[in-house]
Amino acid sequence: MGKIRRLSDDLANQIAAGEVVERPASVVKELLENALDAGATRVRVDVEQGGVVLVRVADDGEGMGEEDARLSVERHATSKLHTIEDLARIATFGFRGEALPSIASVSRLTLTTRARGTPAGFEIALDGGGAPRARPAGCAEGTIVEVKELFFNVPARRKFLKSTATESAHVGEVVMLAALGRPDVTFTLARDGKVSREYLRAASHDERVRQVFADEVLQECRGERGPMRILAFLSAPERARAGAVALHVFVNGRPVENRQLARAVAQAYGSVLEPGRYPVGAVYLELPAAEVDVNVHPQKSEVRFQDARAVHDAVTRELYPALAKVFALPAFGPASRPWDRQQGLSSPPSSPSSPLSPHGYVDPGAPASGYPDSTPLAPSILPPTLFDGAGFYRRLTFLAQARATYLVCEGDDGLYILDQHAAAERVTFDRLRRAFASRTVAMQRLLVPEMVDLSPAEIAAIEGAPDELAALGLEARAVGPTRVAVHGVPQVLHRASPARLLRDVVAEVTRAAGRPFGGAMDLVLATMACHGSIRAGDAVSPDEARALLAALDGVDFAGHCPHGRPVVTRLSFGELEQRVGRS
Ligand SMILES: Nc1ncnc2c1ncn2[C@@H]1O[C@H](COP(=O)(O)OP(=O)(O)OP(=O)(O)O)[C@@H](O)[C@H]1O
Ligand SMILES: [Mg+2]
């Protein structure tokens, strides 16, 4: 008698459930996906005690006949795929034929269903797997799946469940993601008998995104590269969060967890987002099914791209000009929406799409981005864009400088107050960045070299990269084990202290070396820009103020300093009138 024995179906299902069913929210996710695959237009999710006691998902989809209903809870039974070729063009959420049997094996499951256009329904019930009990049942067209006492027969898994509040929050997140993915479907979530969220059928992604992110002002951006399409709704940089918790990425309608994609989105903000910070919002990528592998993980929350680098690169490059344009002014809050439109600031720029290169989406004409490179001083910078700020800043009338810090200006619809340092920094940064990208940062030689004391490691960093420093418009040579002489600084930064400039650049560069992803150069340039610009406390003449306003019009992300702070704030005449009681 050999030692190998075939697992029983129930045991095999329970083992599979370990991968698919982690917690009540995973049950909700699988049942929601089944409902959507069945063509539902309305889905209602009910949970009791965070879903631990009960998860019920009811849909108005196509339903099932008796034989299908019986088969649906059997392992490897699916209507969504029949050949391996089907997998390459799969358009449904499900295809593995294992969600229902897995869930059934670790809970008490009842499925009630009636196929569209048929007179009668059926009910299938299982307790921790086993043989299904079937009987006729009266019900509406569509399907209701009830999952009670999750993990009642797997105490080890039950122990891992968190508090009701935590499980309930996970359920809320899953429903929200499904709603973001499918604006055309109405989703209702009820907790312990009370409706807690309702996303009514929306006409567009834009409308659904606004239902979901009611408290955020998100700007719409679009891009296209080869056969890939990008639609994004993203927050201003100052609303960014540490970690990608509030940035939801969808690939062909499927919510995915993909760090690199989230980073590609964050990198499209250039320097205005610090590393590790991510905007709030939703990003939808559409690309041919054959270029995406969804069969990576049983929960299907991961995808693999045929050419991941090309996809990430396209996301960053396509979103950059769109974001630079929409954030030429910071978002002033929901009240500013109609005004934004009037200015044409929320209309996405048309970006020329390039033919698909043999490697994927790489634009053959574009310079190598170097973004994924983390080597210090690598030219990881985006090409300058041809953004024309539509003359917005130039049209403001400069009124006065306040507190030697703010420039007070009058616009058509209100008063605009600029932070003079932030504004000047943005302009200097943009000039430096363009010059750096075209390798034309002009250097001003110092008559008398300035001595700077640094650590041996910092000196080594400088000695190891003379060409890179020259590209930044800096020249420095070691004159001792802990001392360098600065011989030249970038011309645009002639007002800066060479010693402080060099120290900060070297600090930024050494810090960048350990960073897992690029964008380092933008931060170095941002640090440099900070030095050469008008500061708070500097007197600014009306001519200088007007020149600064004019310069802002030619600049990407003019509404934000290179570190992401807003440059300008507005007090609309409407608000002003309200305050003084005129309206
Ligand atoms: N709500 C529903 N309405 C109509 N048919 C359904 C519904 N839920 C499941 N089915 C049918 O039952 C089958 C099995 O569902 P199950 O979730 O187990 O597998 P799947 O969706 O095919 O693949 P996966 O395991 O990847 O989710 C489906 O292929 C579908 O035909
Ligand atoms: Mg399924």
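In listed order, ligands and their atoms are each counted from 1.
- At the shortest separation from atom 21 (O) of ligand 1 among protein heavy atoms lies Lys80 NZ, 2.6 Å.
- Less than 4.0 angstrom separates some heavy atom of Lys300 from each of these atoms of ligand 1: 24 (P), 26 (O), 27 (O).
- Between Thr78 and ligand 1, at least one pair of N/O atoms sits closer than 3.5 Å.
- Under 4.0 Å from ligand 1, not a single heavy atom of Glu33 appears.
- Close approach of ligand 1 to Glu30 is summarised as follows: ligand atoms under 4.0 Å from at least one heavy atom of the residue are 27 (O).
- With a 4.0 Å heavy-atom cut-off, ligand 1 is reached by the backbone of Leu100 and by its side chain too.
- Proximity of a side-chain donor or acceptor of Asp68 to a complementary backbone N or O of Met64 within less than 3.5 Å is not detected.
- Here the protein heavy atom with the shortest distance to atom 25 (O) of ligand 1 is Glu98 N, 2.8 Å.
- Contact atoms of ligand 1 toward Pro101: 18 (O) (distance under 4.0 Å to a heavy atom of the residue).
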Walk me through it: do Arg254 and Val294 pass the test side chain to side chain contact (heavy atoms under 4.5 Å, CB included)? CA-CA 9 Å; Arg254 205 183 278 280; Val294 290; 3.5 Å; yes
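- A cation-pi contact, defined as under 6.0 Å to the ring centre and within 45° of the axis, links Lys300 to Phe95.
- Looking at Gly63, Ala69, Ala99, Ser102, it is Ala99 that brings a heavy atom closest to atom 27 (O) of ligand 1.
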Phe250 vs Tyr284, ring-ring contact (aromatic ring centres under 6.0 Å, His included): CA-CA, chis, key distance, verdict: CA-CA 5 Å; Phe250 296 80; Tyr284 302 92; 5.0 Å; yes
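- Among all protein heavy atoms, the one lying closest to atom 2 (C) of ligand 1 is Thr143 OG1, 3.7 Å.
- Between Gly97 and ligand 1, a contact under 3.5 Å exists for at least one N or O pair.
- For atom 31 (O) of ligand 1, the closest heavy atom belonging to the protein is Ser79 OG, 2.5 Å.
- Looking only at atom types and distance, the side chain of Asn295 has a donor-acceptor partner in the side chain of Arg96 under 3.5 Å away.
- With hydrogens left out, the protein atom closest to atom 6 (C) of ligand 1 is Met64 CE, 3.5 Å, a heavy atom.
- Close contacts between ligand 1 and Phe95 involve ligand atoms 23 (O), 24 (P), 26 (O) [criterion: under 4.0 Å to a heavy atom].
- Of all atoms in ligand 1, listed by their number and element, those nearer than 4.0 Å to a heavy atom of Ala77 are 14 (C).
- For Arg70 and Glu66, the salt-bridge test passes: some basic side-chain N is under 4.0 Å from an acidic carboxylate O.
- A cation-pi arrangement, defined by a distance under 6.0 Å to the six-membered ring centre and an angle within 45 degrees of its axis, is absent between Arg135 and Phe122.
- Formation of a donor-acceptor pair under 3.5 Å by the Ser72 side chain with backbone atoms of Ala69 is found in this model.
- The part of Asp59 lying near ligand 1 is the side chain, judged by heavy-atom distances below 4.0 Å.
- At a heavy-atom distance under 4.0 Å, atoms from both the backbone and the side chain of Arg96 approach ligand 1.
- Asn34 lies close to the Mg ion (ligand 2), since one of its N, O or S atoms is found at a distance under 2.8 Å.
- With Glu22 as reference, Gln299 is the one residue of Lys29, Arg157, Gln299 to meet the side chain to side chain donor-acceptor pair (under 3.5 Å) rule.
- With respect to the salt-bridge test (charged N to carboxylate O, under 4.0 angstrom), the residues Lys148 and Glu146 qualify.
- Remark: minimum distance from atom 12 (O) of ligand 1 to any protein heavy atom is reached at Ser72 CB, 3.2 Å.
- Between Ala38 and ligand 1, not a single N/O pair is under 3.5 Å apart.
- The Gly94 neighbourhood of ligand 1 comprises atoms 21 (O), 23 (O), 24 (P), 26 (O), 27 (O), with distances under 4.0 Å to a heavy atom of that residue.
- At a heavy-atom cutoff of 4.0 Å, ligand 1 is contacted by no atom of Ala40, backbone or side chain.
- Each of Thr143, Ile144, Val147 was scored for a side-chain contact (heavy atoms from CB on, under 4.5 Å) with Leu111, with one residue passing: Thr143.
- For atom 17 (O) of ligand 1, the nearest non-hydrogen atom from the set Leu36, Val20, Asn34 belongs to Asn34.
- Judged by distance alone, the side chain of Thr118 and the main-chain N or O of Arg114 form no donor-acceptor pair under 3.5 Å.
- With hydrogens and angles left out, the side-chain atoms of Gln49 and Glu167 include no donor and acceptor closer than 3.5 Å.
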Criterion ring-ring contact (aromatic ring centres under 6.0 Å, His included) on Tyr320 and Phe557, from CA distance to verdict: CA-CA 10 Å; Tyr320 180 85; Phe557 282 106; 5.7 Å; yes
